[in-house]
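Counting starts at 1 for both ligands and their atoms, in listed order. If you read the sequence from its start, that first residue is 1, and numbering goes on from there. Just so it is clear, the values below take in all heavy atoms, side chains as well, and ignore hydrogens, waters and symmetry mates. Values in this document were obtained by computation on a predicted structure and should not be read as measured data.
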Amino acid sequence: MSSWKGLLHTYKDYLPVNEKTPRLTLNEGNTPLIPLERLSEEWGVEVYVKTEGANPTGSFKDRGMVMAVAKAKEEGSKAIICASTGNTSAAAAAYGARAGLRCIVVIPEGKIALGKLAQAVMYGAEVFEIQGNFDHALEIVRSVSEKENITLVNSVNPYRIEGQKTSAFEICDALGKAPDVLSIPVGNAGNITAYWKGFKEYHDKKGTGLPQMHGFEAEGAAAIVQDKVIESPETIATAIRIGNPASWKQAVNAKDESNGQINMVTDNEIVEAYQLLAQKEGVFAEPASCASIAGLKKQLESGEIRKGSKVVCVLTGNGLKDPSTAIDTVTVKPTVIPNNEEAFLEKLKGGVAG
Ligand code: F0G
């Protein structure tokens, strides 16, 4: 049996955990760092993926949520609230349920992946669909949390960033030091902020070195890249359909301090990476996650990431979160056959020879 006891236990010396902090856990963290053997060879780099979809609710949000919800509980809060493109709401609902707190989530109507909505309702959250986008939802919940006695658990809550930084520790431990480049999708920009904090703290304690941070927004929601708020963000990667990132300044800071970049990828590039990753490497990550792979591919072609580099791409969420996008973007559909072996063999047409 695994002896892994989750993040608050494992990283208590690096986190705001004291004797009064509840040891909340769903055994989050300790996610696999998987080498991409075929793509590495094809592209002439050493690529690994940090598969955050292996967390208990299927995304990296569990790392931040366990910390934020534990602190809310420690502080005597009875309820948590968040705006979400889906994954934050799933994690808040799960950890809220586990901690016995009321959980209220506000999501953009019609723009969240099916699996994420299923999670929020299944874990018993009170779900509100706003007739607006994520940025509008965040504005409302920020204001409500100030007026009511409800803890805000979006990544503007500093405990979220604390929890999420632990992934950088795990990467350094797995590789023996930081990679040359960390490639990461950017939406509300909390995660790039958290990773950079984590790499710096681990380097200060253990001399693990620092990566260049390469963040990727979706082209239709590229506020930081274009240096302007996007009023109506649009992308197939609904998780990062965000036009006014809350941690904008911190993301720019991570880029500047690490001598990195914040760039953008198109929906077509995201979908291409999404399929490549699944079909060449057997790794199924949700579309937003694949912005990290699409960005790497693009910057290898442009020379902005050098061949031979050691690169970790963060795969933020599990592909199963968003079955509709998977079905809608692949051209190959199941072949319908009669209930008959000969007909089946006829359809295979020697495709299984050898
Ligand atoms: N990837 C996935 C799968 C996400 O769900 C998110 C954010 C990001 C990347 C971007 O991370 O916001 O820290 O820059 N999802 C949030 C949510 C906004 O509500 O679930 P970020």
Counting only heavy atoms from other residues, nucleotides and ligands, does the tally under 6.0 Å from CD of E75 exceed 12?
yes
Flag the pair C313 / V47 as yes when at least one side-chain heavy-atom distance between them is below 4.5 Å, and no otherwise.
yes
Should the heavy atoms of other residues, nucleotides or ligands under 6.0 Å from CG of N18 be counted, would the total exceed 12?
yes
Proximal atoms of ligand 1 relative to N87 (non-hydrogen, under 4.0 Å):
2 (C), 3 (C), 4 (C), 5 (O), 20 (O)
Atoms in ligand 1 with a heavy atom of G190 nearer than 4.0 Å
13 (O), 14 (O), 21 (P)
Please lay out, stage by stage, how I150 and V141 fare under the test side-chain contact (heavy atoms from CB on, under 4.5 Å).
CA-CA 10 Å; I150 306 176; V141 298; over 6 Å; no
By the definition side-chain hydrogen bond (donor to acceptor under 3.5 Å, both in side chains), identify the one residue from T316, N318, T31, N191 that meets it with E52.
T31
Identity and separation of the nearest protein heavy atom to atom 8 (C) of ligand 1
I240 CG2, 3.6 Å
Which atoms from ligand 1 have a heavy atom of N191 less than 4.0 Å away?
13 (O), 21 (P)
Which residue and non-hydrogen atom of the protein lie closest to atom 11 (O) of ligand 1, and at what distance in Å?
F60 CZ, 3.5 Å
Side-chain heavy atoms of P179 within contact of I171, under 4.5 Å
yes
Quick look: A189 vs ligand 1, heavy-atom contacts under 4.0 Å, and the answer is backbone
Determine, using heavy atoms of I242 and all atoms of ligand 1, whether some pair is separated by less than 4.0 Å.
yes
Below 4.0 Å from any atom of ligand 1, is there a heavy atom belonging to S59?
no
N/O separation below 3.5 Å, G187 to ligand 1:
yes
Distance filter under 4.0 Å to T88 heavy atoms, resulting ligand 1 atoms
16 (C), 17 (C), 19 (O), 20 (O)
The atoms of ligand 1 lying under 4.0 Å from a heavy atom of E286, numbered in the order shown, are 3 (C)
A student checking ligand 1 against V186 at a 4.0 Å heavy-atom cut-off should list atoms 14 (O)
Which protein heavy atom lies closest to atom 15 (N) of ligand 1, and at what distance to 0.1 Å?
K61 NZ, 2.9 Å
For atom 12 (O) of ligand 1, what is the nearest protein heavy atom, given as residue, atom name and distance?
N188 N, 2.7 Å
Provide the number and element of each atom of ligand 1 under 4.0 Å from a heavy atom of S84.
17 (C), 19 (O), 20 (O)
In the hydrophobic clustering that connects Ile, Leu, Val, Met, Phe, Trp and Tyr at side-chain heavy-atom distances below 4.5 Å, which members other than F216 occupy its cluster, ordered by chain and number?
V265, I270
Pair listing, side-chain hydrogen bond (donor to acceptor under 3.5 Å, both in side chains) test, anchored in residues 208-224, at least two apart:
Q212-H214, H214-Q299
Distance, nearest 0.5 Å, that separates NZ of K321 from CZ of F284:
12.5 Å
If you define the side chain from C-beta out and look only at heavy atoms, does anything of K71 sit under 4.5 Å from E162?
no
So if I count the atoms of ligand 1 from 1 in the order they appear, which ones are less than 4.0 Å from some heavy atom of T316?
1 (N), 2 (C), 3 (C), 9 (C)
